[in-house]
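Some notes on the structure that comes next.
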Amino acid sequence: MEHNSKYDFKAIEAKWQAYWEENHFYKVTEDPSRPKYYALEMFPYPSGNLHMGHVRNYAIGDVVARFKTMNGYNVLHPMGWDAFGLPAENAAIKHGAHPAKWTYANIDNMKAQLKSLGTSYDWDREVTTCNPDYYKFTQWMFLKLYEHGLAYKKNAAVNWCPSCQTVLANEQVVDGACERCDTTVEKKQLEQWFFKITDYAQRLLDDLEKLPGWPEKVKIMQKNWIGRSEGCQFSMQIEGMDEKLTVFTTRPDTVFGVTFMVMAPEHPLVEKLVAGKPEEKAVKEFVSRMQLVSEVARTSAEAEKEGVFTGAYAINPMNGERVPIWIANYVLMDYGTGAIMAVPAHDQRDFEFARKYNIPIRVVIQGEDTPLDGSQLREAYVGHGRMVNSGSFDGLSVEEGKARVIAYMQEHGIGEGTVNYRLRDWLISRQRYWGAPIPIIYCPQCGTVPVPEKDLPVMLPMEVEFRPTGESPLNYVEEFYKTTCPVCGTEARRETDTMDTFVCSSWYFDRYCSPHETEIPFTREATDYWMPVDQYIGGVEHAILHLMYARFFTKFLYDIKMLNVEEPFTNLLTQGMVLKDGSKMSKSKGNVVSPEEIIDTYGADTARLFILFASPPEKDLEWSDQGVEGAHRFLNRVWRLVMETVDLLREVNLPAEYKELDAAAKALRFKTHATIKKVTDDIETRFNFNTAISAIMELTNAINDYRSQEEQDLCVLKEAVQTLLVLLCPFAPHITEELWSRMGNQTSIHLQSWPAYDPEALVQDEIEIVLQINGKVRDRIMVPAGASEDELRAMALNNSRIRELTKDQNIVKIIVVPGKLLNVVVKP
RNA sequence: GCGGCAGUGGCGGAAUCGGCAGACGCGCUAGAUUCAGGAUCUAGUCUGUGUACGCAGGUGGGGGUUCAAGUCCCUUCUGCCGCACCA
């Protein structure tokens, strides 16, 4: 018995972490002779401390990385920091510490925590987005987008968070509130920078097809967010004016059913339309009232539809009819053209509005059954049918009608078929300090001038005052904004807005490939070798924002020949949340369990093992203190098992072949190799770490059972114990390393090859066959493994229980499932 | 409203291709060890019934297909997530 037989996880974990670090164990370089594998977990925002969600994310990633390494892959497994962002600045306002100081202190702390988890990162490739050597290239990305017409500035109604004092992207507005602080978002008219992600809408949609390794759920969310709809856009002459009203519709087949038009209150034509009319006052009142109502309240589906008549009329180009133009709350300015043709008979919203304001309802699509009557309708008819009251188009089906009306409009110059997307351009300006400055200079002579590449980075100044003014603090730093025009040398002013932090995280996975480049963001050589990411792991909350932006950047970089991949992430695993008492861990709920405490009390191996064992990775996980203790108990059992056998097995050499084993030894070998097969399959094809671990537990139990045998085959026992450690080492890297070395092994267990199962060991002499009558289990028999169907049949019919239970019955047929069961079908 | 996911013991979960429901772990019960507690070990643990071999029922509810259904089909209920007046 070893002298020190207690499982001292603290000493063991510290020892091996130091060993791995000193020996640069996880450093990786490009090696064309081996297949590469890029395992990536979403990098964290350095908020100060790791939480359980991080632990789960990084434990999953670490198992994948270690498993792939043992399987012979050259594995890139990097880590970094999404380090720009509002919390640092808010902390600065609150506590007076500079955002940089706050951020870097947090990084130090969290890095130590990540190391204490036993993660296998190549820290030489660490990336920190707030470092000038990184954001230099975030700015470079901006310049490239600008150069290709994909970064532009426009005055737009934008989402403004009054609490964060900055604008937000559409994707950052949740239920009309700021996703960060929950404050109701306001609309503000501002000059802002945008990235033209809409140019990529169709490709972002189409290429989802090329991602079989992504969860269906995420793809559907992206698809909905892109929101493609086909239809047509056409113009209507406004009566008595030299103006046209353009509308978008997906139902051109119902154009003969138009009985009114509706414009959004913000529509630029509204003022002109009503000028001098008796309705002017009422319209203006309505418009200003709508401005006061929050966007959510106004556009929620439950909101009562309301509007006013403008006094103006448009001419329906299809039939020359005069149609009144209304303004209503239910039409949105930022979708389509901000105006619609209203067909109350065949659109529920138009229907409700028409009922309320007594506008006629005209049926132009007739369903199969009873004829529809506009005045009798209870709701809009949106089903299939044939066109009626539509002149020469009568009789066409909805589908034919759409095509024919569009064709007609195109022939007569009225309009054309178009595709509309819900996706808007990505607003990237932020009126805050702690972000990458937008590399643009405004010159009174030359106008908007991009900063020349050689002048990058545009450095964030360190001396800044933080006050919540609603303007970028950079506005008050003269030495920052005062500059000269790079074209003509005139005194000029820098852009003082910074970039959305999602810009930084849209390309960091490329940077990991060659993180030390100073003149270019990354080399083609490195990205050609490493990209795409083979397995990306992170929370589902990034399903739209980050994952869509990263796809957009990758496609752009592909187009400008910086990358040779069009999609950044081949496989995506969206992990579930970590819950406690049924809800997400949060400070406000007071149900937070600190990873540091768990690691301190039980060790990192226990923490990792529990979190991977409690639930499959994509599902939510309920935290259980007792479950943690269970995981710890298991590791103690493994510890004792190895320590109690280590002396016995030290001098045992494993044979090349196993012959003449007794039944118990054969059974243990079977279990050993069946476990290899099961664990390999669970990790490789399903990421079901929970069942992989339970299989390892079963093997542990089987080894302990075997040890109670009087006669033990030490070779078989040693093989089983070694296999147990090797299979367990990706999950619990420290204890397995320690026990492996105590068994007398000179090299790290993490340098072992992943074991292959021996098919010979899985061959059984006898197997159990279940005997059923009418699908109910009646008996089990042991039969020779090679028994034929006829032999099985004979044995079954000869079985005493089967004979007994079928003696007064007619046997209708017998179903044999080889290797599993036999079912005797009987009738009385 | 639309879209997606899920519903299995006291709990977390397993059952991968239609073939033994409840693996593994937690909890609980009894016993061993112990002054005691803790730790550890052994046995048991879906429900009903029976001394027992067993028998019957059982995967949210109802119906169906099949020799055989947690798994497939129809229908319905509940919970969670996403989107939501997108013309």
**OP:** Could you check how far CH2 of Trp326(A) sits from C1' of A87(B), rounded to whole Å?
**Re:** 18 Å
**OP:** Using the C1' atom on both, measure G3(B) against G70(B) and round to a whole Å.
**Re:** 25 Å
Original post:
C1' atom, U29(B) versus C35(B): distance in rounded Å?
Top reply: 25 Å
Subject >> Complementary nucleotide for G54(B) - Watson-Crick or wobble, under 3.5 Å >> reply: U49(B)
Original post:
With both distances under 3.5 Å as the test, what is the Watson-Crick or G-U wobble partner of G1(B)?
Top reply: C83(B)
Original post:
Is there a Watson-Crick or G-U wobble partner for A68(B) with both distances under 3.5 Å, and which nucleotide is it?
Top reply: none
**OP:** Could you measure between the two C1' atoms, the one in A43(B) and the one in G79(B), and give it in whole Å?
**Re:** 39 Å
Subject >> Integer-rounded Å distance: A56(B) P and Ile773(A) CD1 >> reply: 10 Å
Original post:
Which way is the base of C11(B) turned, syn or anti, if we draw the line at 90° from 0?
Top reply: anti
Subject >> Residue pair Arg793(A), Val816(A): steps toward the side chain to side chain contact (heavy atoms under 4.5 Å, CB included) verdict >> reply: CA-CA 8 Å; Arg793(A) 235 177 270 264; Val816(A) 182; 4.1 Å; yes
Subject >> Touch class at under 4.0 angstrom, heavy-atom based, for Gln348(A) against every strand present >> reply: nothing
Subject >> Ion pair Glu644(A)/Arg707(A), N-O distance below 4.0 Å >> reply: yes
Original post:
Heavy atoms under 4.0 Å, any strand shown: does Arg633(A) hit a base, just sugar-phosphate, or nothing?
Top reply: sugar-phosphate
**OP:** Can you tell me, in whole Å, how much space there is between the C1' of G18(B) and that of C73(B)?
**Re:** 13 Å
**OP:** Treat primed atoms plus P, OP1 and OP2 as sugar-phosphate and everything else as base, then score nucleotides 4-16 of chain B 5' to 3': B for base contact with protein heavy atoms under 4.0 Å, S for sugar-phosphate contact only, - for none.
**Re:** S-------BSSSB
**OP:** Based on the glycosidic angle (syn within 90° of 0, else anti), state the conformation of G9(B).
**Re:** syn
Original post:
Phosphate oxygens OP1/OP2 of G57(B): is one of them under 4.0 Å from a side-chain N or O of Lys776(A)?
Top reply: yes
Original post:
Got a second to check how far His632(A)'s NE2 is from Phe610(A)'s CZ, nearest 0.5 Å?
Top reply: 14.5 Å
**OP:** Find the distance Leu771(A):CG to A68(B):P and express it as a whole number of Å.
**Re:** 17 Å
Original post:
Say you draw a straight line from OG1 of Thr337(A) to CG of Leu269(A); how long is it, rounded to the nearest 0.5 Å?
Top reply: 10.5 Å
Original post:
Can you check whether Arg637(A) has a side-chain N or O nearer than 4.0 Å to OP1 or OP2 of G25(B)?
Top reply: yes
Original post:
Hey, does Arg228(A) reach any base, or is it just sugar-phosphate, or nothing, if we go heavy atoms under 4.0 Å?
Top reply: nothing
**OP:** Give me the one residue out of Leu822(A), Leu771(A), Ile802(A) that meets side-chain contact (heavy atoms from CB on, under 4.5 Å) with Ile781(A).
**Re:** Leu771(A)
Original post:
Can a side chain N or O of Arg778(A) be found less than 4.0 Å away from OP1 or OP2 on C20(B)?
Top reply: no
Subject >> Interatomic distance at P, C85(B) relative to C2(B), whole Å >> reply: 15 Å
Subject >> A14(B) - base-pair partner by Watson-Crick or wobble geometry, distances under 3.5 Å >> reply: none
Subject >> Leu635(A) CG to C26(B) P, straight-line distance once rounded to whole Å >> reply: 12 Å
Subject >> Shortest side-chain distance from Asn701(A), nucleotide among G25(B), C85(B), C41(B) >> reply: G25(B)
Original post:
Which residue, Ser694(A) or Gly338(A), contacts RNA chain B at a nucleotide closer to its 5' end, judged by nearest heavy atom?
Top reply: Ser694(A)
Original post:
Could you go step by step and tell me if Glu618(A) and Lys217(A) meet the salt bridge (Lys or Arg N to Asp or Glu O under 4.0 Å) rule?
Top reply: CA-CA 12 Å; Glu618(A) 67 280 2; Lys217(A) 177 190 164 87; over 6 Å; no
Original post:
At under 4.0 Å between heavy atoms, what does Thr249(A) touch on the DNA or RNA strands: base, sugar-phosphate, or nothing?
Top reply: sugar-phosphate
Original post:
Is Lys305(A) positioned over the aromatic face of Phe353(A), cation under 6.0 angstrom from the ring centre and no more than 45 degrees off axis?
Top reply: no
**OP:** Compare the minimum distances between each of G19(B), A87(B), A84(B) and the side chain of Ile815(A), then state the nucleotide with the smallest one.
**Re:** G19(B)
Subject >> Under-4.0 Å salt bridge between Arg355(A) and Glu352(A) >> reply: no
Original post:
For C28(B), which nucleotide is its Watson-Crick or G-U wobble mate, given both distances must be under 3.5 Å?
Top reply: G44(B)
Original post:
Checking only heavy atoms, does the side chain of Lys813(A) share a donor-acceptor pair with the base of C67(B) at less than 3.5 Å?
Top reply: no
Subject >> Candidate nucleotides G19(B), C20(B), C85(B), ranked by approach to the side chain of Arg780(A) - the nearest >> reply: C20(B)
Original post:
Looking only at atom P, what distance separates G44(B) and G37(B), rounded to whole Å?
Top reply: 25 Å
Subject >> Whole angstrom value for the distance that separates P of C41(B) from CD of Glu644(A) >> reply: 10 Å
Subject >> Pairwise 5' ranking along RNA chain B for Tyr421(A) and Asp705(A), keeping only the more 5' one >> reply: Asp705(A)
Original post:
Quick one: are the ring centres of Trp426(A) and Phe502(A) less than 6.0 Å apart?
Top reply: no
Subject >> Who pairs with A23(B) - Watson-Crick or G-U, where each distance is under 3.5 Å >> reply: none
**OP:** Give a yes or no on whether a salt bridge exists between Glu698(A) and Lys678(A), defined as a side-chain N under 4.0 angstrom from a carboxylate O.
**Re:** no
Subject >> Sugar-phosphate only, base, or nothing, as touched by Gly227(A) at under 4.0 Å among non-hydrogen atoms >> reply: nothing
Subject >> d(CD1, Ile340(A); P, A87(B)) in whole Å >> reply: 11 Å
Subject >> Whole-angstrom distance between A36(B) and U59(B), as gauged at atom P >> reply: 46 Å
**OP:** To the nearest Å, give me how far apart CZ (Phe234(A)) and P (A87(B)) are.
**Re:** 15 Å
Subject >> Worked verdict on Lys223(A) versus Leu205(A) for side chain to side chain contact (heavy atoms under 4.5 Å, CB included) >> reply: CA-CA 6 Å; Lys223(A) 201 172 169 180; Leu205(A) 182 66; 3.4 Å; yes
Original post:
Taking the side chain of Phe248(A) as heavy atoms from C-beta outward, which of A87(B), C67(B), C85(B) is closest to it?
Top reply: A87(B)
Original post:
Taking NZ from Lys584(A) and P from C80(B), how many angstroms apart are they, rounded to a whole number?
Top reply: 16 Å
**OP:** Taking atom P in both A23(B) and U16(B), compute the distance separating them and give it to the nearest angstrom.
**Re:** 15 Å
